[in-house]
Amino acid sequence: MDELVHREAPSPNWNERALPITMAVLHYTEMESCDASLARLSDPEAQVSAHYLISEEGQVIRLVDESKRAWHAGASYWRGLRDVNSASVGIELQHPGHGLGYREFDDRQIEALVPLLHRIVRKHNIPRANVVAHSDVAPARKTDPGELFPWETLARYRLCLPRPEKFEVGDPFDNDAAFYLALERFGYDIADGKKAVEAFQRRWRPEKINGEIDGQVRAILFQLLLDRDRGLTR
Ligand SMILES: [Zn+2]
């Protein structure tokens, strides 16, 4: 028995991967209960799934084997890649989401997520820069897991990139076109520019999400790219 998985509930909603695993995508379910989420993620009609579902109490349920392609990301893009489902492990967190009453994530849920994600990242050698939100890979459509998700907790365990704190250049990029090019280089689909900026803010500056490119947003993106390109992060 697997000590990090409390329950097996195989979903029929998967197929074979077309790419090696290089990403992890975090979601919220936006459902009223874990049972309702489990039913939906296993419903052949719904055509959705994830590898894992974590209840608010911290119960980890496995729905799809990591070697298979689960159907959680939908139409998505990250760092040049469009078949995010083929390249990722998908984790759903039971949560009412923005639609049913957005609130803090339960500590027990995060305490269950940390060791599970640690194992996934280590097993597949996933770069920290590729542990992302659904909103990062589908900025025009998705907002999950949202601005209250505790990324800094994951960053302390080196499971995702931390928010940059020291800036070598105060306000880089002298025009918006240069900013969008840089945002695309970091990974985002910029087809809808305002939504892409909102998704970037939701992940990296959650205290102010307005879709506007300001000096602080420019500085954070520049520092993220600088650190990654120097190999300080990957
Ligand atoms: Zn999602």
- Could you walk me through whether K208 and R205 pass the side-chain contact (heavy atoms from CB on, under 4.5 Å) check? CA-CA 6 Å; K208 187 176 179 189; R205 198 201 52 194; 3.6 Å; yes
- From L26 CG over to I91 CD1, what is the distance, rounded to the nearest 0.5 angstrom? 5.5 Å
- Message: Can you tell whether the side chains of D106 and R108 come within less than 4.0 Å, N to carboxylate O?
- Response: yes
- Task: If a pair satisfies salt bridge (charged side-chain N to carboxylate O under 4.0 Å, His left out) and one of its residues is in residues 91-102, list it, with sequence neighbours excluded.
- Result: none
- Task: Work out which heavy atom in I126 is nearest to a heavy atom in T22; give both atom names and the distance.
- Result: CG2-O, 3.5 Å
- Query: Quick one: does D107's side chain get under 4.5 Å of E111's, heavy atoms only?
  - Reply: yes
- Exercise: do T29 and Q94 side chains pair donor with acceptor under 3.5 Å: yes
- In chain order, what residues pass the salt bridge (Lys or Arg N to Asp or Glu O under 4.0 Å) check against R40, with sequence neighbours excluded? none
- In terms of heavy-atom contacts, P44 and P12 come closest through CG-CG, 4.1 Å
- Message: Applying side chain to side chain donor-acceptor pair (under 3.5 Å), can you list everything that pairs with E32, at least two apart in sequence or on another chain?
- Response: none
- Item | Qualifying residues under salt bridge (Lys or Arg N to Asp or Glu O under 4.0 Å), relative to E16, sequence neighbours excluded | K68
- For salt bridge (charged side-chain N to carboxylate O under 4.0 Å, His left out), just list the numbers for E198 and K142, CA-CA rounded to whole Å, side-chain angles, deciding distance to a tenth of an Å, and then say yes or no. CA-CA 11 Å; E198 280 177 11; K142 296 292 177 177; over 6 Å; no
- Item | Hydrophobic cluster membership, L93 vs Y157, 4.5 Å side-chain cutoff | yes
- Heavy-atom check, side chain of C160 versus side chain of V132, under 4.5 Å: no
- Message: Applying salt bridge (charged side-chain N to carboxylate O under 4.0 Å, His left out) as the test, list every pair that has at least one member in residues 45-62; sequence neighbours left out.
- Response: D2-R62, E8-R62, E56-R103
- Query: Can you tell if the side chain of W204 reaches within under 4.5 Å of the side chain of F186, non-hydrogen atoms only?
  - Reply: yes
- Decide side-chain contact (heavy atoms from CB on, under 4.5 Å) for V217 and Q201; before the verdict, give the C-alpha distance in whole Å, the side-chain angles of both, and the deciding distance to 0.1 Å. CA-CA 7 Å; V217 164; Q201 291 170 334; 3.7 Å; yes
- Message: By the definition side chain to side chain contact (heavy atoms under 4.5 Å, CB included), identify the one residue from L161, L117, V121 that meets it with L154.
- Response: L117
- Note on the structure: On a heavy-atom basis, the closest approach of Y180 and I190 is O-CD1, 3.7 Å
- Task: Sorted by first residue and then second, give each ring-ring contact (aromatic ring centres under 6.0 Å, His included) pair with at least one member in residues 110-144; sequence neighbours left out.
- Result: H27-H134
- Item | Same apolar cluster: V137 and L224, side chain cutoff 4.5 Å | yes
- Message: Between S135 (side chain only) and A133 (backbone N and O only), is there a donor and an acceptor less than 3.5 Å apart?
- Response: no
- Is any side-chain N of the basic residue among D136 and R79 closer than 4.0 Å to the acidic one's carboxylate O? no
- Message: Counting C-beta onward and ignoring hydrogens, is there a side-chain heavy-atom pair between R163 and P206 closer than 4.5 Å?
- Response: yes
- Task: Look at the side chain of N85 and the backbone N and O of A73, then say whether any donor-acceptor pair between them is shorter than 3.5 Å.
- Result: yes
- Query: For E165, which residues count as a salt bridge (Lys or Arg N to Asp or Glu O under 4.0 Å) partner, sequence neighbours excluded?
  - Reply: none
- Can we say E212 and R218 salt-bridge, meaning some charged N sits less than 4.0 Å from an Asp/Glu carboxylate O? no
- Ionic contact status for R156 with E152, cut-off 4.0 Å: no
- Message: Can you see whether Q47 engages N13 through a side-chain donor-acceptor pair at a distance of less than 3.5 angstrom?
- Response: no
- Note on the structure: Value for CZ (R203) from CD1 (I209), rounded to nearest 0.5 Å, stands at 12.0 Å
- Please tell me if the side chains of M23 and V84 come closer than 4.5 Å, counting only heavy atoms from C-beta onward. yes
- Message: With a 4.5 Å cut-off on side-chain heavy-atom distances among I, L, V, M, F, W and Y, is there a chain of contacts connecting V197 to L221?
- Response: yes
- Item | Side chains of S67 and D65, donor plus acceptor under 3.5 Å | yes
- Residue among L63, I120, V89, V25 satisfying side chain to side chain contact (heavy atoms under 4.5 Å, CB included) with H51: V89
- Partners of H98 by ring pair (Phe, Tyr, Trp, His ring centres under 6.0 Å), sequence neighbours excluded? Y28, Y102
- Query: Are K166 and D227 within salt-bridge range, i.e. N to O under 4.0 Å?
  - Reply: no
- Query: Under 3.5 Å, is there a donor-acceptor pair linking the side chains of N130 and W78?
  - Reply: yes
- Message: Check for me, please, whether V131 and I54 land in the same ILVMFWY cluster - side-chain distances under 4.5 Å, paths through other members count.
- Response: yes
- Item | Shortest non-hydrogen contact from G58 toward A112 | O-CB, 3.3 Å
- Rounded to the nearest 0.5 Å, what's the gap from CG on L113 to CD on Q109? Could you check? 8.0 Å
- Please list, chain by chain and in numerical order, all residues satisfying side chain to side chain donor-acceptor pair (under 3.5 Å) with S86, sequence neighbours excluded. R69, D83
- Task: Give the intermediate values and the outcome of side-chain hydrogen bond (donor to acceptor under 3.5 Å, both in side chains) for residues H72 and S88.
- Result: CA-CA 9 Å; H72 52 95; S88 65; 3.2 Å; yes
- Item | Closest heavy-atom pair and its distance - P162, A155 | CA-CB, 3.7 Å
- Item | Stepwise side-chain contact (heavy atoms from CB on, under 4.5 Å) test for V60 and S55 | CA-CA 7 Å; V60 177; S55 76; over 6 Å; no
- Message: Rounded to the nearest 0.5 Å, what separates atom CG in L159 from atom CZ in R119?
- Response: 13.5 Å
- Message: For residues I110 and Y52: do they belong to one hydrophobic cluster (side chain heavy atoms under 4.5 Å, members Ile, Leu, Val, Met, Phe, Trp, Tyr)?
- Response: yes
- Item | Over all atoms of both residues, closest heavy-atom pair of S49 and S11 | CB-OG, 3.8 Å
- Quick one: salt bridge (Lys or Arg N to Asp or Glu O under 4.0 Å) partners of R202, sequence neighbours excluded? E147
- Message: Tell me which pairs pass ring-ring contact (aromatic ring centres under 6.0 Å, His included) where either residue lies in residues 31-50, with sequence neighbours left out.
- Response: none
- Item | Qualifying residues under ring pair (Phe, Tyr, Trp, His ring centres under 6.0 Å), relative to F149, sequence neighbours excluded | F105, W151
- Query: Which is it for M31 and H95 under the side-chain contact (heavy atoms from CB on, under 4.5 Å) test, yes or no, and what are the steps along the way?
  - Reply: CA-CA 6 Å; M31 299 284 281; H95 194 280; over 6 Å; no
- Any donor-acceptor pair under 3.5 Å linking the side chain of S33 with the backbone of A36? yes
- Message: Is it the case that over 12 heavy atoms from other parts of the model lie below 6.0 angstrom from the CZ atom of R185?
- Response: no
